[in-house]
Amino acid sequence: MSTLSTNNIISSVEAQQLIQRIARGYGWISQRARDASDKEALEAIEMLQENLGIAVTILATNLYKSKARFVFELIQNAEDNDYRRAAPSATEPYTKSTVCPNKIVTDPNEDGFTTENVVAICKVGQSTKKRAGAQQYIGEKGIGFKSVFMVASKVHIQSGPFSFFFEHPPGERGMGLITPVWEPAEVALPEPLTRITLTLHNEVGYPELLSQFDALPDALLLFLNKLGSITIDKIEFGGRSAESTTFSCTLDESSRRATISKVQRKGSEHLNTPPKHYHITRKLLEDLPPDKQRDSDIAEVMLAFPLDDKSKPIIGYQEVYAYLPIGNFGFSFLIQSDFITQANRQDVMESSQRNKNILDGIARAFLDAVFQFCNHPTLQYMWPRYIPLEISNPFWVPLKDRIYEHLKGRAVLRGRSHGPLRFISQLKIIEDDFLDNSGNPLVADLDEEMYLASEYQKEDRAALSRLGLGMLDITAVVARFRHDLKQPSSRSRFKSPETNESWHTKTAKLLLRPFEEKLESPTPDTIRGLACIPLQNGNWTAITDGAVFFPRIDGILIPTDLGLRIVDEKSTTNPTRKKLFITLGVEPASIQDVRALILARYKKESFSIGFETSLSDLHFLYSTYSPGVTLKLRESTSLWVFNHRDHRVHDGEDLYFQSDKEYDLQELMGSVLEVAPYNSDMIGSFIHPEYRKRIEPLPVKRSGSHPTFKAWLHESVGILNHPRLVDAKDPVQLSPIFRYIIEARPEKLLGTLRAHWASYTTVMSTGLASKISEAVVPSTNIGSKALKETFVPSETLTVKCGEFLDKQNFPFLKLEN
């Protein structure tokens with residue numbers, strides 16, 4: 001139907017005359033004229049009516065695949081009307097259909113039929129619904145309205161001054177489809193209002209009829225420019241209203257969000273039906289190819305994307321519309337445009353170049369929608385779910401391909417930095433292997449961002465992969481590792497002390513891949529060139545920069561500051577990292593080389609060697625002791641150790657073990673050792689007690705001949721258990737300490753000799769014995785005497801002496817035992 005002209009107001013009489021004139025055009029004649037007509041002429045008229053009726057019947061009944069199509073045609077007629085007369089009362093345009101068991105009454109509050117409308121509805125292939133500029137109308141073929149006879153035997157139209165019907169009982173010839181019959185209105189209708197009453201034929205079952213209205217898609221309202229609501233009332237056989245449903249649609253232009261509401265009542269119960277939401281994108285297409293069915297080169301594309309109440313996509317197959325639904329072709333968003341359709345309006349004309357150009361416009365509209373989504377807090381990461389995936393219909397496949405082309409050619413994705421949009425080809429999906437336990441990338445991205453934003457979910461990434469979104473490969477991973485390793489500790493995940501072992505395990509696994517998978521890029525040599533090995537001194541190095549060694553040899557910790565590049569020990573406790581280090585070429589150091597380096601550094605009087613260094617050196621030398629090889633380290637090398645006063649003691653000074661035994665150095669010397677200064681060169685001092693205290697508890701892989709630490713100190717470092725007898729510099733002389741005992745502690749001389757005789761006897765010479773014999777000892781019966789002038793009070797000698805002398809006047813030694 002077309003719009004009503006203000007000067008197109010006619011009277012009821014004129015309306016009736018128009019109807020009769022139209023009827024005469026299809027061969028209707030009054031009984032008076034029939035009686036006056038020639039029989040042969042009447043037969044000719046009847047034959048023409050018979051043939052035309054058959055053609056109209058076949059066309060009207062075969063165009064549509066489903067009887068439900070008539071419901072859409074009723075809505076189509078309501079949408080194509082004009083509603084200017086309803087505007088002053090602020091009443092929105094609506095249409096209401098009352099469905100009864102024997103009839104359907106449709107009431108749109110339109111302005112009313114015009115003479116042009118009436119003429120058009122009585123014809124086949126003519127319509128007053130023309131495309132004029134951007135104004136769109138649903139009407140396509142004049143035959144469209146005839147689909148109501150799929151369920152009706154009579155259709156009565158009451159609008160303004162018009163009141164007429166078409167009647168076409170099943171089985172009758174089709175002239176009733178196009179021949180109007182005037183019928184006075186039974187009731188006057190309020191204005192503006194048009195009423196179309198369909199009297200149902202007996203073949204229509206009421207349940208089937210109701211199901212056809214139930215199947216009406218509420219999304220149809222999205223594409224109606226005029227109708228604000230559609231109401232469907234269902235009446236039971238007893239005439240009572242059983243159910244009422246009203247659909248309405250509102251659009252927020254600023255957010256492009258359309259909401260379809262459904263108010264439903266069943267009996268006295270009002271049902272609460274959640275509204276449906278859509279994101280709406282429109283695009284006006286211009287300069288479309290000419291088509292004989294259109295007088296305009298303009299068409300609008302409208303896309304509707306289903307959303308839930310939280311603005312998240314609802315994915316499911318959606319219909320394509322040419323104002324009325326024409327089919328489901330596998331798209332997850334609704335498509336509406338002014339397609340050239342086939343006569344049944346349920347398929348597009350696939351050969352139409354105009355339609356093909358509209359497909360291009362739909363693809364561009366989809367891209368527009370994506371840009372709109374990219375400015376939405378939720379949809380910017382979820383829109384890929386709308387990307388068409390499997391489209392099988394040959395006509396629609398190119399639309400999918402063009403959408404793909406547009407998306408590939410524009411920046412439509414967010415990187416992890418949430419900065420400017422980037423091309424799909426510029427970003428990559430991060431696999432779980434490159435994510436830490438918190439879901440973040442193992443290391444930061446480069447300035448040329450490649451990390452896809454984490455907000456894209458699995459299903460979004462899967463859709464984008466069809467457009468070329470790839471995975472972050474190992475080459476890109478290694479490039480980012482290299483960048484991270486060049487940063488200071490404060491900005492490097494590799495170097496940060498806060499980085500946990502799980503992170504290091506993942507990075508080590510990734511760096512092992514080129515070796516294990518024999519990758520061509522990056523090559524193993526590329527990985528060897530990464531400064532990914534943490535050293536003991538806090539630096540990081542690549543194996544290509546020089547040899548790197550593990551911090552232990554057979555479990556023995558290598559001392560620091562030997563000039564060796566030693567891996568940080570903590571990093572080697574991680575099995576995967578240690579495997580990586582071995583693969584890169586980190587090796588255990590040679591025991592001989594380390595011992596040589598330890599001894600070499602004592603050749604310099606370096607004050608950089610502190611006690612801790614000395615301690616670790618002695619521990620290593622002791623732990624790597626070779627049975628059968630006794631080396632006097634302080635005698636044959638430059639090794640020195642610390643004494644109990646933290647002084648460095650070289651081979652020229654005696655060192656003793658601290659002991660509280662009566663005849664050991666500490667007891668013999670007493671407080672003399674604590675008087676400063678004292679001549680330690682002559683007397684000697686004690687080895688620093690922390691050596692034994694800290695090394696002896698440590699585990700050592702001892703063989704049966706591996707000495708204790710104290711025994712090793714004595715044998716290899718020359719630490720003395722008791723006062724030295726022989727002068728270290730002159731073997732024919734008594735040692736300074738022994739001379740001190742003779743001179744200052746003569747009362748301890750005999751006890752000292754007896755306590756350590758087993759050791760002294762191995763070095764005792766005649767000359768030394770002579771010197772000791774001259775020592776004056778106080779422990780005799782007659783006072784101090786030279787030792788050589790005294791006698792041991794043996795039983796035999798005592799008896800013999802008693803026969804000749806007074807024993808108390810004989811120089812017997814006073815011995816304790």
Side-chain angles (χ1 to χ4, degrees), residues 643-644 653-675 678-687 710-711 713-715 718-817:
N643 70 4
H644 70 294
E653 303 175 30
D654 285 340
L655 277 173
Y656 293 88
F657 293 111
Q658 284 184 312
S659 170
D660 56 3
K661 291 181 180 179
E662 182 179 2
Y663 298 106
D664 285 348
L665 181 67
Q666 186 170 340
E667 290 300 314
L668 290 172
M669 301 303 295
S671 62
V672 173
L673 291 176
E674 303 306 322
V675 176
Y678 71 95
N679 192 348
S680 61
D681 289 347
M682 296 182 61
I683 297 175
S685 58
F686 301 113
I687 188 170
K710 182 179 180 182
L713 284 174
H714 174 66
E715 291 295 328
I719 309 303
L720 301 175
N721 289 297
H722 46 263
R724 180 186 289 276
L725 178 66
V726 181
D727 192 325
K729 298 178 180 179
D730 187 352
V732 300
Q733 298 295 328
L734 291 173
S735 68
I737 182 61
F738 214 86
R739 292 197 301 270
Y740 171 81
I741 294 172
I742 290 172
E743 296 170 1
R745 302 296 301 275
E747 75 278 6
K748 296 292 185 180
L749 175 62
L750 293 179
T752 300
L753 287 169
R754 183 195 58 177
H756 306 303
W757 186 252
S759 174
Y760 290 163
T761 190
T762 61
V763 295
M764 186 69 73
S765 65
T766 302
L768 292 176
S770 174
K771 289 180 172 58
I772 294 173
S773 68
E774 294 176 356
V776 176
V777 294
S779 52
T780 71
N781 288 349
I782 59 174
S784 297
K785 278 288 190 180
L787 186 58
K788 63 183 180 181
E789 297 176 0
T790 65
F791 296 90
V792 176
S794 65
E795 183 177 351
T796 301
L797 184 58
T798 302
V799 172
K800 290 292 184 180
C801 181
E803 295 176 357
F804 303 99
L805 299 169
D806 182 0
K807 291 187 292 183
Q808 298 301 320
N809 295 321
F810 193 78
F812 279 119
L813 293 171
K814 293 180 179 180
L815 302 176
E816 295 179 2
N817 294 316

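All values reported here derive from a predicted model rather than from experimental measurement. Computed over heavy atoms, backbone and side chain alike; hydrogens, waters and symmetry mates excluded.
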Side chains of [X] and [Y], heavy atoms from C-beta outward: is any pair under 4.5 Å?
| X | Y | value |
| --- | --- | --- |
| His644 | Ile687 | no |
| Leu787 | Val776 | no |
| Pro723 | Ile737 | yes |
| Asn781 | Pro811 | no |

Subject >> Distance-only side-chain donor-acceptor flag, His722 / Ser759, under 3.5 Å >> reply: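 Indeed, the side chains of His722 and Ser759 share at least one donor-acceptor pair under 3.5 Å.
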Output yes when a side-chain donor or acceptor of [X] lies under 3.5 Å from a complementary backbone atom of [Y], and no otherwise.
| X | Y | answer |
| --- | --- | --- |
| Arg724 | Phe738 | no |
| Thr761 | Trp757 | no |
| Thr790 | Leu813 | no |
| Arg745 | Leu668 | yes |
| Ser770 | Gly767 | no |
| Asp664 | Gln666 | no |

**OP:** Go through His714 and Phe657 one step at a time and tell me if the ring-ring contact (aromatic ring centres under 6.0 Å, His included) criterion holds.
**Re:** CA-CA 9 Å; His714 174 66; Phe657 293 111; 7.1 Å; no
Looking only at heavy atoms, what is the nearest atom pair of [X] and [Y], with distance?
| X | Y | value |
| --- | --- | --- |
| Val792 | Leu815 | CG1-CD1, 4.1 Å |
| Leu734 | Ile742 | CD1-CD1, 3.7 Å |
| Met764 | Ala769 | SD-N, 3.9 Å |

Original post:
Would you call the rings of Phe791 and Phe812 parallel, tilted or perpendicular, where under 30° means parallel and over 60° means perpendicular?
Top reply: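 Judged by the thresholds at 30° and 60°, the geometry between Phe791 and Phe812 is perpendicular.
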**OP:** For Leu753 and Tyr760, run side chain to side chain contact (heavy atoms under 4.5 Å, CB included): C-alpha distance rounded to whole Å, both residues' side-chain angles, the deciding distance at 0.1 Å, then the answer.
**Re:** CA-CA 7 Å; Leu753 287 169; Tyr760 290 163; 3.9 Å; yes
**OP:** State the CG-OG distance between Leu725 and Ser765, to the nearest 0.5 angstrom.
**Re:**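 Reported value, rounded in 0.5 Å steps: 8.5 Å.
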**OP:** Could you give me the CA-CA distance, side-chain angles and deciding distance for Ser659 and Leu665, then say whether side chain to side chain contact (heavy atoms under 4.5 Å, CB included) is met?
**Re:** CA-CA 7 Å; Ser659 170; Leu665 181 67; over 6 Å; no
Original post:
Would you call Glu667 and Lys748 a salt bridge, taking side-chain N to carboxylate O under 4.0 Å as the test?
Top reply: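 The answer is no: the pair does not qualify as a salt bridge.
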Original post:
By ring-ring contact (aromatic ring centres under 6.0 Å, His included), which residues pair with Tyr656, not counting sequence neighbours?
Top reply: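 With neighbours one apart ignored, the set is empty.
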